[in-house]
Every structure is written in structure tokens, then in C-alpha cells.
Amino acid sequence: MNIKRIAAAISCSLMTVVAHAAVLPATQTDSQWFKDSAANVVAKAQVDTKKTAKNVILFVGDGMSISTLTAARILQGQDKADNQGGEENFLSFEQFPHTALVKTYNTNQQTPDSAGTMTAMATGVKTKAGIISISDTSLRGNCLSSKGNELVSLVDLANAKGLSTGIVTTARLTHATPAATYAKSPERDWEGDFNLPAEAVANGCTDIASQLVMRDEANSLTVALGGGRSYFLPTTVTDGENKAGKRKDGKDLTKAWVDNFSKSAYVWDKKGFDAIDAANTDHLLGLFNPSHMEYEADRADDVGGEPSLTEMTAKSLDILKKNDKGYLLIVESGRIDHGHHAGNASRALTDAVELSNAVKAAMDATSSDDTLIMVTADHSHVFTIAGYPKRGNPILGLVHNVDGTLATANDNKPYTTLAYTNGPGAVVGVRDDLTSVDTQDKDFMQQALIPMESETHAGEDISLHARGPGSNLVQGVIEQNVIFHIINQAQQLGGTKY
């Protein structure tokens, strides 16, 4: 986009407004709010979107509701040196030129789970909760019923076209969201062989970890980075963090990865990750935790050391971009969801900010001329922003009125801006007095209305943000499975003729 051209258009636009609307006083047209908003509209008018993309990067913030975006935006803004309050800040992808709202329900649930929602994005077909890239004619947890109902994913199509493919997540690589991109399973919990019931074994279903590794090289992942190391190691093996594997079949899938693929490598800690030479590595498996990776807020304390989501994204791109035909990369910030389930807004929001950082790294490493970047969530959470806090009030803090006084509820006790409709933060009976509590501590659990062991997902729409070739198709209110078709069409994967 030509900067001088935009500047001239902005100036012309403002002059036109003043000339044709004499009722607008100078105090209005000279306002920075007025000028910035005019510039925003002009910039959008200059966007020239191409139809086809060489590369596609899909970012998924697991559980990243619109309220999560708003709170994370403010938190990031309040942490900046030039903080004006935080509200005026934008996450990296919130200024993408195209945005849509996405409906997230599963075929059998009004409020969805991640298996069904990611299956919709990865295959173009909505399905039941708990099912991984299997059509909803299958019964959950029944192997026999899944036979013949397996769905072809974006990863399958991209590999068939000769593109490189990668999966990055801060959750277990075998967890529902990343698994839906490469595995087929009627039960999301079949992450390791030790999870498989007798019926599944008898009817030939395999665990998700095996499906990631035991693929033909032509349909293999180029990069797979995340957690879940114990699901790939046998019980007889103790890993670098002194944790035993969980596999009962005796297979060491990390060794199988190295044996199965050419110029391949396996790493389990930050030191090994940093040492990887992208130029000489064509297949990289990284498993940085026995289970999920650490929250970004706790990453520095990990025993073995973990790369950040931004670092994993950058390393993946270094490897994937070697393919002249292009690549498909799917990046999940998986622990936003876990922070919310724990009623812990601080960790959820810190991970959302890190997702924004990873998107920025991807923007810097690619061109909008040939790379479609999309950022979305799989579902929402019952996470709220309430009260009437003054501008600049700490987003994790107690609500203060515009005059600076502490706001109180009808029980004469203060309350936080952020809260949950349900979850472990609920107290049956008298509500806790937060007057002397540090609600900005990363361990603070927000108060909730309905007591539940784990806070739940929510059913409202989530957002989709896009830039690059094909991003013009991201508009309006869409079904979640439309995301598959936008990518399929932009990258001409061949899943559907348009």
C-alpha cells in the first residue's frame, strides 16, 4: 500500500468533509479522534485484495471470546510505556482490513466444544461435540460407527498439493483443536493408546498421537510443536523432566518421527529448540511438556525451558517457507481456554496478548501480497466486563468510578471489572470482601455467579480477522465451516470447485 497515496487521500477526504459540511466546527475536524477515524476509512478504501494465496496461516485463540479480545487489548495497552489508558490500544490483528462474526454451535450442542468447532474449520463440515474430523453420523466414542465417515482436512489437501504443513499449539499436540487438523477419531479423549477402549482396538481405531507420527511422508506434517510429550513415550521411558511416558504399546513415537522422515529432528526443551537449524531441517517435532505447555505467565519457571508461541511460530515459518510451492500453518493459543476454565482472567489474557505477538511476528515475516493470515477462536467463554470503571482503570483491578472513588455493589463491597457467569470463583452465601485483595495478582480467581468446578464455554459468536489474498471473503455473519472454504478457495487446494 502506497503511504504517500494514502496520506494524500486522507487530506483530500478531510478537506471534502469540511467543504461539504460547513456545520462541522474546527474543534471537531481538528480532533485527533476525527482525523484517525477518517484515516481508517480511507485506508480501507485503498485495500486491493488478491484472490489466491501461496501461503495461509490460521491462528486460533482457543476460547478467545470477544470480551477476551477487549480485555486483552486493554491489558496490553496498559503495559505499554506510552499507555494512555489501554482502551485505545489494538491487538495486532484487530486492524486487519476484513472481519466477520462466526457462529460456533455443534450439530448436537448449542454451546460447543473444541473438537466439533475445529473440525468445522478444518474440514468444512460441522459435527458433534467430542468428535475429531468425523461426520456427525458417527456416534461419539464408537469406533465402528466412524468407519467410512472420516473427513478430509485442510492439512490433507495441502499435503496432496505438495505444500508444507505445520501445527503449533501451547496445548498438547493431541488435544482437540490441533488434533482436528490431522487426525480422525470419534472420541477426542483417545489421545494415547492407553485411552483406547477394547471396542476401538478391535475395530481398528488408532490413538491421536500415533496418527500424528505414523503417516506417509507425502502426507506428513513438516512441523509439529506443542505439549503432550508423555503421549508419545512408552511407560518405560523417563523424559528430560523426569516424567514417565504413558504409552502401553512400548512405542517411542519421538524416535519413530526421526526414523520415518528425512532430515528430521525431535526436541523437548528450549535449548534444543534454539539449536535447530531451519535450513537443514525438513521435519521438526517439538514436545515441550509432558502435558500442556506452561501459561505464558509461568513459562520462565518451566524446568526444561519452553519456547514462546511467538518463537514457535517464527521457527515454523523459517522451515515452511523453504517450500517454493507454499505452506499451510495452523497456530493455536490453547491455554487461553484453560485460564478461563480456571476462572483466572490474568493467565487467559496474558496468553491472548502473546497470541497477538505471534500474529505480529507472522505479519513481519510474510507479505500480504501472497500470504493469507486469519485469526479467530473456536468458541467463547462466560467472561464478562462490567460496571462503570473510569477510563484507564486497571483491567484486572477493582472498579473505580470516574471521580476516583471505589465502586461498591448493593452489599457495600467492591467488585472487579472482570468476572465469570459461572466457575470455581463462585461463593455460596456471603460474597468475599475484595477491599484488601490484590486482584491483579496472576493467581487471583475472579468471582463468579454460579458455582461450578470448571467455568464453561459460551455460545455466542466469535470474531474472525483476515488480511491478504482471499481475505475479502471474510465478512458478515458466517457459519464456522465457511472458514475451511475461504482457505480452500484462496489456496486453491482442490477440496471444492468454485
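None of the values given here were measured: they were computed from a predicted structure. The first residue in the sequence is number 1, and the count goes up from there. Atom set for the values below is all heavy atoms of this structure, side chains included, hydrogens, waters and symmetry mates excluded.
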Inspect the contact between Asp193 and Arg247 and indicate whether a charged nitrogen and a carboxylate oxygen are less than 4.0 angstrom apart. yes
Closest non-hydrogen atom pair between Ser308 and Glu311, with its separation: N-OE1, 2.8 Å
Supply the atom-to-atom distance Asn203 CG to Cys143 SG, rounded to the nearest 0.5 angstrom. 5.0 Å
Under the side-chain hydrogen bond (donor to acceptor under 3.5 Å, both in side chains) criterion, do Thr456 and Asn422 qualify, and how do the steps go? CA-CA 7 Å; Thr456 72; Asn422 60 42; 3.1 Å; yes
Heavy-atom pair of closest approach, residues Lys315 and Asp274: NZ-O, 3.8 Å
Test side-chain contact (heavy atoms from CB on, under 4.5 Å) on Ile131 and Thr119; report intermediate values, then the result. CA-CA 8 Å; Ile131 291 180; Thr119 293; 5.8 Å; no
Dump the intermediate steps for side-chain hydrogen bond (donor to acceptor under 3.5 Å, both in side chains) on Ser380 and Glu460, then the final yes or no. CA-CA 6 Å; Ser380 182; Glu460 73 268 18; 2.6 Å; yes
Please report the C-alpha distance between Thr417 and Gln446 in whole Å, then the side-chain angles of each, then the deciding distance to 0.1 Å, and finally whether the side-chain contact (heavy atoms from CB on, under 4.5 Å) criterion is met. CA-CA 9 Å; Thr417 304; Gln446 273 68 28; over 6 Å; no
Shortest non-hydrogen pair, Gln211 vs Lys184, comes out as OE1-N, 2.9 Å
Give, for atom CE of Met374 and atom CG of Leu464, the distance between the pair rounded to the nearest 0.5 Å. 4.5 Å
Among Gln480, His379, Glu479, Gln110, which one satisfies side chain to side chain contact (heavy atoms under 4.5 Å, CB included) with Tyr105? Glu479
Can you see which heavy atom on Met312 is nearest to which on Thr169, and at what distance? CE-O, 3.7 Å
Do Ser146 and Asn149 get their side chains close enough for a donor-acceptor pair, meaning under 3.5 Å? no
Considering residues at least two apart in sequence or located in another chain, which fulfil the side chain to side chain donor-acceptor pair (under 3.5 Å) criterion with Thr111? none
Any side-chain donor paired with an acceptor under 3.5 Å for Ser333 and Glu354? no
Is the ring centre of His457 less than 6.0 Å from the ring centre of His381? yes
Between Thr68 and Ser65, is there a side-chain donor-acceptor contact under 3.5 Å, judged purely by atom types and distance? yes
In short, Ala419 meets Gln447 closest at the heavy-atom pair CB-O, 3.5 Å
Distance col, row Leu285:CG vs Phe232:CZ, nearest 0.5 angstrom, shows 6.0 Å
When rounded to the nearest 0.5 Å, the distance separating CG of Leu396 from CG of Leu75 is 5.5 Å
Under the salt bridge (Lys or Arg N to Asp or Glu O under 4.0 Å) rule, what do Asp351 and Arg347 come out as? Steps first, then yes or no, please. CA-CA 6 Å; Asp351 271 41; Arg347 284 185 172 85; over 6 Å; no
When rounded to the nearest 0.5 Å, the distance separating NE2 of His340 from CG of Leu349 is 6.0 Å
Neighbour count >12 (heavy atoms, 6.0 Å) for atom NZ, Lys243: no
Tell me, yes or no, whether the heavy-atom count around Lys161 atom NZ, taken from other residues, nucleotides or ligands under 6.0 Å, exceeds 12. yes
As an exercise, state the distance from CD1 of Ile486 to CG of Leu473, rounded to the nearest 0.5 Å. 5.5 Å
Donor-acceptor pair between Thr181 and Ser153 side chains, under 3.5 angstrom: no
If you measure from the Lys or Arg side-chain nitrogens to the Asp or Glu carboxylate oxygens, is any gap between Arg335 and Asp62 under 4.0 Å? no
So do Tyr327 and Leu317 actually touch side chain to side chain, heavy atoms under 4.5 Å? yes
Which atoms form the tightest heavy-atom contact between Ala180 and Ala115, and what is the distance? CB-O, 4.4 Å
Parallel, tilted or perpendicular: which one describes the rings of His338 and His292, with boundaries at 30° and 60°? tilted
Short side-chain to backbone donor-acceptor contact, Asn195 and Gly192, under 3.5 Å: yes
Are Ile66 and Leu101 close enough, and set up right, to give a side-chain contact (heavy atoms from CB on, under 4.5 Å), and what steps lead you there? CA-CA 10 Å; Ile66 292 177; Leu101 292 175; 3.9 Å; yes
Say whether, by atom type as modelled, one donor and one acceptor occur between the side chain of Thr222 and the main chain of Thr165 under 3.5 angstrom. yes
For the backbone of Asn108 and the side chain of Asn106, can you confirm whether one donor and one acceptor N or O come within less than 3.5 Å of each other? no
Under-4.0 Å salt bridge between Asp113 and Arg188: yes
Answer yes or no: are there more than 12 heavy-atom neighbours, outside Lys442 itself, under 6.0 Å from its atom NZ? yes
Ignoring hydrogens and geometry beyond distance, is a side-chain donor-acceptor pair present between Ser145 and Ser138 at under 3.5 Å? yes
By side chain to side chain donor-acceptor pair (under 3.5 Å), Glu241 pairs with (sequence neighbours left out) Arg229
For a quick check under 3.5 Å, do Gln76 and Asp79 share a side-chain donor-acceptor pair by atom type? no
Filter on salt bridge (charged side-chain N to carboxylate O under 4.0 Å, His left out), then keep only pairs touching residues 370-379, sequence neighbours left out; what's left? none
Mark yes or no for whether Asn89, through its side chain, and Arg73, through its backbone, hold a donor-acceptor pair below 3.5 Å. yes
Name the one of Val375, Leu328, Thr371, Val168 that satisfies side chain to side chain contact (heavy atoms under 4.5 Å, CB included) with Ile57? Thr371
side-chain contact (heavy atoms from CB on, under 4.5 Å), that's the test. Do Tyr266 and Asp252 meet it? Break it down for me. CA-CA 12 Å; Tyr266 161 68; Asp252 183 340; over 6 Å; no
